[in-house]
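Following: one structure in structure tokens, then a few remarks.
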Amino acid sequence: MAMRKVAVVGAGMTRFVRRAQETARELTWQATHQALDSCGLTLDDVEAVCMGTAPDAFDGVHMKGEYLSDGAGAWRKPYMRSYVGGGTGVFVPIQGWYHVASGMFDVCLVVAEEKMSSFYPHAQAAFLTIFDHTTERPLKPNLLWIFALEMNRYMQTYGISKADIARVAVKNKRNAADHPSALLGDKNITVEDVLNSEVLAWPVNRLDVSPVTDGAVALVLAAEHVAQRITDKPVWIEGVGWSLDTAYWTNRDLAYPRYVEQAARMAYDMAGIREPRKEINIVEPYDPFDYKELHHLEGLLLADRGQAPQLLADGVTERTGNMPVCPSGGLLGVGNPIAAAGLMKIAELFWQLRGEAGARQVPGQPKRGLAQAWGDLMQVGTVVIMGR
Amino acid sequence: MSESSQNLPGTPLSEKDFQDGLILHSYDEMQARYAWDTGTAIGSYLAALKEGFLLGGRCSTCRRTVIPPRVVCEWCFRPMDEYVPLQDTGTVNTYSLCYVTWDVQRIREPEIPAVIEIDGASPLHGILHKLGEVDPQQVRIGMRVRAVWKEPAERQGAITDILYFKPIEEA
Amino acid sequence: MVLLERDPNAPGEWVDDLPVTNRYTFGLAGERFFRVIKEEARILGTHCTRCDRTYVPAAAFCERCLSELTEWVDVGTTGAVETFTLLYVNADGTFREKPQVVAFVRLGDGGLIHFLAEVDPESVAIGMMVEAVFKEPGERLGSIHDIRYFKPMG
Amino acid sequence: MNERVAVVGVGWSGFRPVSPDLSYKEMMYAAAVRAYQDAGVDPRRDVQSFITVAEDFHEGTSIFDEYTPDQLGAVLKPMHTISGDGLHGLATGYMLIQTGQFSLVAIEGHSKASNILTLPQITAYAQDPVVNRPLGLNSDFIAGLEMNRYLYESGATLEQCASVVVKNRGNALRNPSAPYGADLEIGEALGGPRLAWPLNQRQAAVHADGAIVMVLASEQVARSLTAQPVWVLGVGWCNDSYALEYRNWSQAVYAREAARLAYRQAGIRHPTQAIDFAEVDDTYAYKELQSLEALGLFRSGEAGPATEQLATAADGELPVNVSGGSLGMGNLLDATGLGRALEVVLQLRGQAGARQLNNVSTGLAQSWRGVPTASGAVAVFSN
């Protein structure tokens with residue numbers, strides 16, 4: 001049976017800021033409103049709404065999917081919130097995809113929001129409660145721990161240096177200088193700046209880490225027959241994949257993200273891609289920490305294990321390189337409002353593939369892009385492949 | 001999207017906007033308390049900690065010894081066969097030197113969280129804990145370590161019944 | 001179903017709190033809505049011309065069409081009790097002797113949820129007209145508590 | 001797409017006021033292993049995607065999704081969490097199969113309500129933090145406001161609400177999985193402490209612990225697995241206004257719209273004729289009456305008198321909550337809708353034991369996400 005084709009036909013986003021005046025519902029509305037405007041649709045055209053947003057602790061509202069519903073345009077509509085931790089931002093377009101691909105709906109809004117500044121005084125403290133309540137939380141862990149543990153294992157396994165990794169932060173923050181929504185764009189940042197920033201949790205320094213951010217992003221998805229009426233430049237969702245590894249994260253090797261590979265294989269398979277390194281023109285892997293971009297490129301089979309730093313060193317992943325990676329500026333540069341950051345990557349592919357990315361435009365009229373996010377206890381891979 | 005940021009929604013504020021009362025705002029704190037049932041596997045793990053040993057579980061189908069124990073093997077979905085008492089020694093799989101507490105307070109002497117592969121469990125099977133009695137600069141992946149326990153009378157059946165792991169002196 | 005048994009000495013439960021501490025902005029619409037309550041003791045709504053609805057509390061957007069709402073209207077400080085309840089249970093779930101009288105008071109096409117006071121709980125009825133009782137100007141901080149309660153008009 | 005979808009396996013653990021012998025993972029496993037056994041499938045080999053419904057603060061864990069795969073056999077498989085009710089999860093599984101990319105999907109929901117020591121305070125944290133929560137009210141005030149307006153507009157009486165309690169807790173006596181069965185008189189259901197007048201405590205469902213797993217399959221796979229598939233004819237879900245101030249206070253608009261969507265897929269034009277029995281939301285007794293009207297199973301104002309006249313009793317024209325409903329089985333938090341669907345499946349398979357209805361071919365399950373939400377879902381099944 002032929003699968004129904006699903007296109008992205010509109011996108012919108014707020015600025016990514018450290019602390020927003022807007023309530024979470026207002027931020028959500030701003031992105032949603034923009035996305036509809038971008039493709040000339042109104043709320044009457046929308047049949048269902050998908051919401052992606054990460055821990056309730058951030059916005060400080062229990063069942064926050066309900067709280068965000070009106071801003072997402074869900075009034076008296078079918079509305080659901082999907083949730084796979086940090087992977088949510090790239091999962092919610094998958095959720096939109098199955099809403100439309102199922103044949104139940106022709107036009108679907110896909111919205112992601114995070115207002116991390118509402119967790120006060122320190123958003124990072126919310127992460128204590130992602131650990132196992134009985135066997136880990138009594139040790140008072142923080143989010144930096146698991147990233148630092150994983151980064152160290154990755155460096156040790158493949159002999160990668162902190163300087164190799166710092167280049168990712170430099171590339172992405174420089175790219176972000178061209179993004180109007182960016183929180184931390186910086187054209188002049190250097191590897192030394194990253195290496196000399198304060199040590200938070202060795203091997204992680206401050207500039208290895210993406211910032212606490214508020215923001216929202218929205219997309220409009222449509223079935224083929226509707227998409228072709230709305231736009232002559234639809235961007236198709238060609239493949240989707242997701243995979244969730246065991247919660248017993250201390251019972252597996254952290255050097256390689258096999259869950260990302262599982263998700264990628266599922267998406268490549270659906271998209272009919274056999275040689276991803278040749279067939280993917282732009283990549284937006286998840287980069288909440290700089291080493292994660294490298295780690296994820298390997299999981300996506302776009303680099304050999306331990307070899308992603310070489311791609312970076314060779315300039316392959318620059319915006320003008322053979323395989324631009326995070327031309328948006330990524331989470332390190334644009335900012336990391338968890339779920340919204342993931343969906344920002346999908347919006348970036350949408351703009352890039354339509355040739356509408358302005359100063360960030362990747363040369364050579366890219367045909368196909370891949371976005372990926374990661375989440376939970378280094379456990380979830382979510383992958384979307386889009387093409388024109 | 002190529003427009004300038006001035007046209008984009010999203011209104012940035014500074015901390016000073018709050019301090020100066022320029023922005024209406026409020027505070028709240030959720031009263032959220034739980035008593036999670038420990039159940040069979042984790043209950044038994046905690047009981048073992050109180051006794052002063054680490055408890056694992058064995059899946060005979062996968063020939064795998066895990067820690068902490070669990071009632072079902074996540075790989076073959078067969079019930080775990082038996083508990084296995086493990087050593088309180090192990091090998092550092094990875095570690096960090098962390099200068100920030102969970103609630104983002106800076107500390108001068110780092111905490112040293114580590115994944116420690118436990119002796120008697122299958123390779124790469126370990127637990128999260130901390131290292132102590134060690135110069136942070138001397139910590140290495142592959143370092144052999146041993147649990148330092150609280151006094152028996154002070155143990156309550158918790159992961160914190162182990163204070164930390166410390167290096168095993170080479171004989 | 002399972003082969004492992006529970007250690008008879010296993011502690012039954014693990015008890016802990018989930019620390020969640022928040023700071024909320026009142027937002028684009030809330031900022032003005034509550035400042036006008038604080039400074040002028042007036043209640044404003046925002047009007048959607050497309051849907052012909054007046055939102056109270058004022059909203060930045062119309063939930064029905066997502067239009068930005070820029071037309072602010074004074075909806076007065078009196079309204080009818082759309083519905084009410086006598087609440088005999090406290091925030092922590094414990095019971096209370098005397099009920100809190102809580103009402104939804106219709107203002108514009110929305111309204112406010114607040115306490116009713118200066119009234120015998122047994123005589124409250126749906127449709128009863130009530131008016132907002134504000135705190136003194138100096139006591140108002142910009143919050144829903146700047147209104148003490150609603151009381152019967154009369 | 002347009003693939004028929006069937007329930008091919010169900011399993012559950014519970015339902016009990018407390019469950020101190022099981023961790024939440026062990027409770028989920030107990031339900032899952034039964035469901036896979038019932039369906040005759042191996043989760044590691046056969047099940048292609050998994051869904052859990054959960055909310056972080058019901059679990060006491062941020063990003064609860066982390067802790068879902070192991071005990072369901074879902075490790076390194078496409079698994080995700082829906083922060084919704086069990087019927088939202090069921091609808092998600094239905095859509096996944098309809099894409100044509102998946103033919104076997106498992107859905108899990110659970111409640112460890114007994115582990116939550118401060119549920120009222122946590123529920124209050126779902127209220128708007130700026131305009132509502134500062135009043136410091138127990139969230140039951142929302143049910144009180146809604147019940148009062150519903151009674152006012154529909155003409156339903158307190159006695160009619162009490163008759164829902166008598167019926168459902170009486171039905172629960174015939175359900176060995178329901179912990180709150182009771183033989184009550186109307187006067188007893190009207191009595192007891194007041195909660196949020198006109199709502200009293202005995203008309204509010206008490207919480208229970210339990211887990212439910214359902215296995216859904218495409219038609220082709222369903223026919224290969226079982227001679228007794230239960231078809232999902234339609235699913236629907238809907239949100240009304242989040243803001244308490246903007247919503248309709250007398251009608252369950254979310255249930256009406258969710259039903260409209262489900263009926264449309266099921267090809268149902270006259271629900272009163274098509275639906276043989278229903279399992280609907282009865283978190284509070286009045287919700288059963290309000291929901292039945294929203295679902296088009298009774299005209300506005302008629303569910304109350306009909307209940308009083310036993311039309312919704314197990315031997316009435318339209319049996320409602322034969323399982324005992326939430327009043328009899330317990331409020332299962334996010335698993336509540338799966339509890340309703342479970343009974344529909346068992347009835348349509350003829351496996352409902354002492355409470356088995358005769359000659360039923362089409363049943364409806366409906367859920368509401370509880371205060372302060374205006375969110376719910378509907379599913380229609382047939383054998």
Side-chain angles (χ1 to χ4, degrees), chain B residues 9-13 15 17-18 21-51 55-61 66 68-73 78-85 102-103 155-161, chain C residues 1-40 42-44 57-61 66-70 89-94 135 138-147:
Chain B
T11 311
L13 300 176
E15 266 313 304
D17 294 331
F18 291 87
L22 299 178
I23 287 294
L24 290 176
H25 60 279
S26 61
Y27 300 87
D28 204 355
E29 180 171 354
M30 186 167 66
Q31 302 304 308
R33 193 167 179 78
Y34 305 82
W36 296 283
D37 294 319
T38 59
T40 297
I42 294 299
S44 302
Y45 182 62
L46 297 180
L49 285 164
K50 192 170 162 65
E51 291 297 310
L55 188 68
R58 174 90 180 154
C59 173
S60 64
T61 309
V66 304
R70 57 212 70 162
V71 297
V72 60
C73 174
R78 302 299 306 158
M80 284 278 180
D81 289 273
E82 56 183 350
Y83 292 117
V84 185
W102 73 274
D103 55 352
R155 295 202 289 256
Q156 50 173 356
I159 191 63
T160 47
D161 290 346
Chain C
M1 192 153 40
V2 301
L3 299 173
L4 301 186
E5 288 177 8
R6 180 178 161 85
D7 187 321
N9 296 319
E13 55 195 27
W14 182 264
V15 179
D16 204 356
D17 294 315
L18 191 77
V20 176
T21 55
N22 297 106
R23 179 175 73 185
Y24 306 99
T25 59
F26 287 14
L28 301 177
E31 186 74 26
R32 178 158 175 196
F33 179 75
F34 283 104
R35 281 211 186 269
V36 169
I37 286 177
K38 177 181 181 229
E39 287 158 17
E40 304 170 33
R42 293 193 302 137
I43 299 172
L44 300 187
F61 62 93
L66 294 191
S67 297
E68 182 176 4
L69 302 182
T70 53
V89 59
N90 292 309
D92 63 3
T94 56
K135 284 184 179 167
E139 296 174 21
R140 295 201 294 262
L141 304 169
S143 120
I144 192 69
H145 288 294
D146 288 353
I147 298 171

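Residue numbering restarts at 1 for every chain, and letters A, B, ... go by the order of the sequence lines.
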Just so I know, are the side chains of [X] and [Y] near enough to count as touching, which here means a heavy-atom distance under 4.5 Å?
X        : Y        : value
Trp36(B) : Val15(C) : no
Tyr34(B) : Leu18(C) : yes
Tyr27(B) : Asn22(C) : no

> Thr11(B): what forms a side chain to side chain donor-acceptor pair (under 3.5 Å) with it, not counting sequence neighbours?
Replying inline: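 By the side chain to side chain donor-acceptor pair (under 3.5 Å) rule, Thr11(B) matches Glu22(A).
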Search all heavy atoms of [X] against all heavy atoms of [Y] and return the closest pair with its distance.
X         : Y        : value
Ile23(B)  : Arg35(C) : N-NH2, 3.9 Å
Ala47(B)  : Pro11(C) : N-CD, 4.0 Å
Ser44(B)  : Glu5(C)  : OG-O, 3.5 Å
Gly157(B) : Trp14(C) : O-CZ3, 3.9 Å
Val2(C)   : Pro79(B) : CA-CB, 4.5 Å

Contacting region of [X] [heavy-atom separation from chain C under 4.5 Å]:
X        : value
Arg78(B) : neither
Leu49(B) : neither
Phe18(B) : side chain
Leu13(B) : side chain

Rounded at 0.5 Å granularity, tell me how far [atom1] in [X] sits from [atom2] in [Y].
X        : Y        : atom1 : atom2 : result
Asn9(C)  : Leu46(B) : CG    : CG    : 12.0 Å
His25(B) : Tyr24(C) : NE2   : OH    : 13.0 Å
Leu3(C)  : Ser60(B) : CG    : OG    : 8.5 Å

> Where the side chain of Glu31(C) meets the backbone of Leu24(B), is there a donor-acceptor pair that is under 3.5 Å apart?
Replying inline: yes
> Met30(B) pairs by side chain to side chain contact (heavy atoms under 4.5 Å, CB included) with which of Thr21(C), Val20(C), Asp17(C)?
Replying inline: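 When side chain to side chain contact (heavy atoms under 4.5 Å, CB included) is applied between Met30(B) and each of Thr21(C), Val20(C), Asp17(C), only Val20(C) qualifies.
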> Side chain, backbone, both or neither: which part of Pro19(C) has an atom under 4.5 Å from a heavy atom of chain B?
Replying inline: side chain
> Considering only heavy atoms, which portion of Leu28(C) lies under 4.5 Å from any heavy atom of chain B: side chain, backbone, both, or neither?
Replying inline: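 Just its side chain gets close to chain B.
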>> Taking salt bridge (Lys or Arg N to Asp or Glu O under 4.0 Å) as the cut-off, I'd like each qualifying pair that reaches into residues 36-48 of chain B, sequence neighbours left out, listed once.
In response: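 The answer is Asp37(B)-Lys112(D).
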> Between Ala158(B), Gly43(B), Ala48(B), Pro69(B), which shows the greatest number of heavy-atom pairs under 4.5 Å with chain C?
Replying inline: Gly43(B)
> Salt-bridged, Arg23(C) to Glu15(B), with N to O below 4.0 Å?
Replying inline: yes
